[in-house]
Amino acid sequence: MPVASARRTARLSLAAGLASALAFALSFPLSDTFVGGWPLAFAWPALLSAAVWTAPRPFTLAWTVGVPFFAAFLAHQWWMRHITELGMPVLVLYLSGWTVLLALLLRRLAVGADGSARWPFALALPCALVAVEYLRGSFVCSGYAWFFAAHPVAEWTEVAQIASLGGGWLLTALVGFVAGAAVDAVLRTGRGSPDGSPDRSLASRIIWPTLALAALAGSWGFGRAQIAVHDAAAESSTSTGAAARPRILVVQTNLPMSNKLAWAPEQQVEDFLVFARQTIDGARAAREQGGAVDLALWPETMVPGLGLEPESLKTLVDGGYYPGNRFEEALRDLATRIDAPLLVGSPSFLGLSVEGNRFRWTSQFNSAYLVGPDGARGRTDKIYLTPFGEMMPIISNWDWLEAQLLALGAEGMTFDLDAAREPQAFRIDTPSGAIGVAVPICFEITQPWAARRIAFPDGARAAGVVVNLSNDGWFGGSRAGRRQHLQVSQLRAIELGTPVVRCVNTGLSASIDAVGRLEAVLGPEVDGAFVASPVPGKGRPLAVLVGDGVAVVACLAALVGLLRTRSAAMATGDLAVMLVP
């Protein structure tokens with residue numbers, strides 16, 4: 001390609017890359033209330049495809065996409081600087097690298113070495129997009145399941161219902177299909193075969209856009225029907241009396257993360273009393289407004305101390321060590337006062353003992369306890385530890401190296417949690433009968449496989465309500481990050497066909513119905529309480545049976561496309577061959 005022509009196409013690719021990154025950044029929440037940029041979830045993959053189509057070389061594509069997306073991720077992850085000044089830019093570089101990988105994979109699938117068309121973007125884009133999100137979100141470095149194309153589209157409630165068929169992967173595929181079809185209709189007409197004649201195939205000009213519009217219309221119609229079924233069930237439960245729904249008191253605390261990292265005993269007692277008063281006042285208000293509550297919630301890790309295990313409490317009491325069993329007794333008393341059990345977030349220490357002047361234990365979990373007047377009735381532990389928040393992928397295999405990196409970039413944090421093998425669901429008594437409650441803790445709600453396993457162990461429904469306990473104080477002043485966490489929870493509710501009740505330190509606590517609509521939300525960085533009355537989920541959505549099947553198919557399709565083009569790409573020295581083998 002002539003130098004002048006290469007420069008021109010490079011500028012076009014950069015312009016498309018900049019527009020794509022800007023649309024990507026704006027498609028995600030900008031605050032706790034502004035989520036109106038979700039339509040751009042369809043725009044940024046199309047603009048990325050334009051960057052792929054116009055880039056003269058793979059290397060040019062890498063920087064015209066990588067640099068703008070680095071800036072986009074930096075804007076969204078800026079809140080992390082108060083946690084780890086070293087880790088924040090590394091994570092931003094990591095995420096933008098995956099976007100470069102997406103662009104190079106898309107180039108291999110859709111653009112020939114001579115600039116001709118291979119696969120239509122309507123097929124290449126959904127395959128590449130889903131495959132890259134699946135690998136990044138579920139496998140590499142334990143998975144980072146944020147910033148998926150499907151997440152903002154949860155705001156389009158009707159279309160988002162297809163997630164109940166194939167999970168969020170199917171919704172991402174729809175986004176890619178629609179965006180790719182638009183690219184085929186617009187760009188394929190300007191550059192095509194080796195002889196310079198434009199590619200004006202009927203499939204690119206008419207068939208793919210028509211199919212994309214049909215897919216959108218079909219998804220919208222399916223969603224409308226799903227919502228109508230849900231609303232009819234909700235109306236039926238209301239007509240049979242309020243007792244047909246559980247009444248769950250959500251207590252939102254507002255404990256700064258700085259306090260949580262250095263929580264002095266005196267402050268622990270003071271904060272606990274504040275939480276208890278919120279709970280008592282919330283239960284009293286609930287009785288005045290409509291009846292007693294069936295369950296009260298506290299966020300993740302809001303119970304001070306070393307957990308509620310009987311053996312651990314005995315070790316503390318017998319040795320006269322703080323806090324003894326004072327918080328366990330206080331929780332029992334609180335359950336008696338409100339006449340309902342509490343589901344509370346707490347660390348748990350198994351095999352606690354004292355050696356010299358230090359505590360030792362065999363296992364430590366991030367847990368949730370169900371506590372009644374008779375004490376702890378059950379415990380569930382996290383099965384998925386947050387990468388770089390609760391564990392370091394690969395690096396955690398070497399304690400010394402982990403300690404050095406923490407001292408360098410995240411002083412005050414410790415990575416000493418264990419992951420549980422199996423989650424436990426709870427049974428809560430209500431006037432209309434017992435109901436199952438599944439409890440994904442913190443970022444477990446962001447992982448599709450973890451949420452399915454918690455709510456549907458062995459594929460069978462274990463819960464009518466999903467309760468997400470989280471401590472989003474980590475977001476600091478970022479209200480956009482909090483809203484994105486809530487947005488992901490909306491998508492999970494649709495996938496599981498189950499209402500989600502979120503109880504979150506610093507917010508956003510919320511009640512989400514089984515079709516992903518927000519029924520109640522508490523604002524960020526305030527304390528408060530409200531009563532959620534969700535309609536329990538029933539049956540098993542197809543998405544639970546399908547699991548990650550859509551993502552696996554996308555990966556296989558992308559692999560087939562890569563294998564079919566490998567020989568030609570190697571012959572031309574295409575850089576993507578080295579990056580996408």
Side-chain angles (χ1 to χ4, degrees), residues 130 133-148 150-151 154 163-164 166-172 299-301 343 345 348 365-368 379-393 396 415 417-426 436-463 465-472 474 484-504 512 514 516 537 540-541 543-552:
V130 173
E133 286 187 352
Y134 183 50
L135 293 175
R136 172 172 69 81
S138 299
F139 288 104
V140 179
C141 292
S142 298
Y144 189 83
W146 291 76
F147 299 106
F148 286 178
H151 292 162
S164 67
W169 309 121
L170 184 59
L171 191 55
T172 288
E300 175 194 15
T301 67
L343 184 57
S348 62
F365 297 100
N366 187 347
S367 306
R379 186 191 87 233
T380 188
D381 308 316
K382 284 194 75 173
I383 61 173
Y384 169 73
L385 301 182
T386 305
F388 305 104
E390 294 173 321
M391 53 86 72
M392 279 191 178
S396 287
F415 291 153
L417 290 176
D418 298 293
R421 293 184 178 180
E422 296 294 337
Q424 300 294 324
F426 300 111
V437 176
V439 190
I441 300 172
C442 195
F443 285 3
E444 283 185 318
I445 197 71
T446 69
Q447 278 291 355
W449 68 265
R452 284 197 307 270
R453 186 174 165 193
I454 293 168
F456 289 84
D458 301 322
R461 178 179 285 278
V465 176
V466 169
V467 168
N468 176 216
L469 305 183
S470 187
N471 185 350
D472 284 6
W474 292 109
Q484 189 180 354
H485 201 185
L486 176 57
Q487 198 173 65
V488 175
S489 301
Q490 293 175 254
L491 183 59
R492 266 323 75 78
I494 298 170
E495 285 181 353
L496 302 175
T498 307
V500 174
V501 178
R502 300 194 72 229
C503 183
V504 184
I512 308 168
R540 182 177 65 175
V544 173
L545 180 63
V546 172
D548 295 326
V550 172
V552 172

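Each residue takes its place number in the sequence, starting with 1.
In this structure, I494 CD1 and S164 OG are separated by 8.0 Å, a value rounded to the nearest 0.5 Å. The distance from atom CG of N366 to atom CG of L417, rounded to the nearest 0.5 Å, is 6.0 Å. For the atom pair CD1 of I441 and OG1 of T301, the computed distance is 9.5 Å after rounding to the nearest 0.5 Å. Within the model, atoms CH2 of W449 and CZ of F139 stand 10.5 Å from one another, a figure rounded to the nearest 0.5 Å.
Between A493 and I512, the shortest heavy-atom distance links the atoms CB-CG2, 4.0 Å. Counting all heavy atoms, side chain and backbone alike, A150 lies closest to G168 at CB-O, 3.5 Å. Of all the heavy atoms in G497 and R461, the pair that sits closest is O-NH2, 3.4 Å. Heavy-atom minimum distance, R452 versus V544: CD-CA, 4.1 Å.
Using a 3.5 Å distance cut-off with no hydrogens or angles, the side chains of D548 and W169 do pair a donor with an acceptor. Under the 3.5 Å distance criterion, with hydrogens and angles disregarded, a donor-acceptor pair is assigned to the side chains of T172 and E133.
Partners of F147 by ring-ring contact (aromatic ring centres under 6.0 Å, His included), not counting sequence neighbours, listed by chain and number: F28, F73, H76. Under the side-chain contact (heavy atoms from CB on, under 4.5 Å) criterion, P499 pairs with V465, A514, P534, not counting sequence neighbours. When the side-chain contact (heavy atoms from CB on, under 4.5 Å) test is applied to S470, the partners found at least two apart in sequence or on another chain are E300, C442, N468, D472, H485, R502, V504. A455 pairs by the side-chain contact (heavy atoms from CB on, under 4.5 Å) definition with A438, V466, L496, not counting sequence neighbours. For A450, the side-chain contact (heavy atoms from CB on, under 4.5 Å) partners are I383, Y384, Q447, not counting sequence neighbours. Judged as a ring-ring contact (aromatic ring centres under 6.0 Å, His included), and not counting sequence neighbours, F365 has no contacts.
Although no hydrogens or angles enter the test, the distance criterion places a donor-acceptor pair under 3.5 Å between the side chain of T446 and the main chain of F443.
Annotation: side chain of S348 is in contact with side chain of D381 (closest heavy-atom distance under 4.5 Å). Side-chain atoms of L469 and V467, non-hydrogen and from C-beta on, do get closer than 4.5 Å to each other. At least one side-chain heavy atom of S489 sits less than 4.5 Å from a side-chain heavy atom of I445. R492 has its side chain within reach of P448: a pair of non-hydrogen atoms, C-beta onward, lies under 4.5 Å apart.
Using a 30° and 60° split on the angle between ring planes, F148 and H151 fall in the parallel class, below 30°.
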Next on the checklist: What verdict does the side chain to side chain contact (heavy atoms under 4.5 Å, CB included) test give for K382 and E444, after you've listed the backbone C-alpha separation in whole Å, the side-chain angles of each residue and the deciding distance to 0.1 Å?
Outcome noted: CA-CA 8 Å; K382 284 194 75 173; E444 283 185 318; 3.7 Å; yes
Next on the checklist: For a side chain to side chain contact (heavy atoms under 4.5 Å, CB included) check, start with the C-alpha distance between V439 and I454, then their side-chain angles and the critical distance, and finish with the verdict.
Outcome noted: CA-CA 7 Å; V439 190; I454 293 168; 5.6 Å; no
Next on the checklist: Go through it in stages, so that I can follow the logic: the residues are V437 and L343, the test is side chain to side chain contact (heavy atoms under 4.5 Å, CB included), and I'd like the CA-CA distance, side-chain angles, deciding distance and then a yes or no.
Outcome noted: CA-CA 10 Å; V437 176; L343 184 57; 4.2 Å; yes
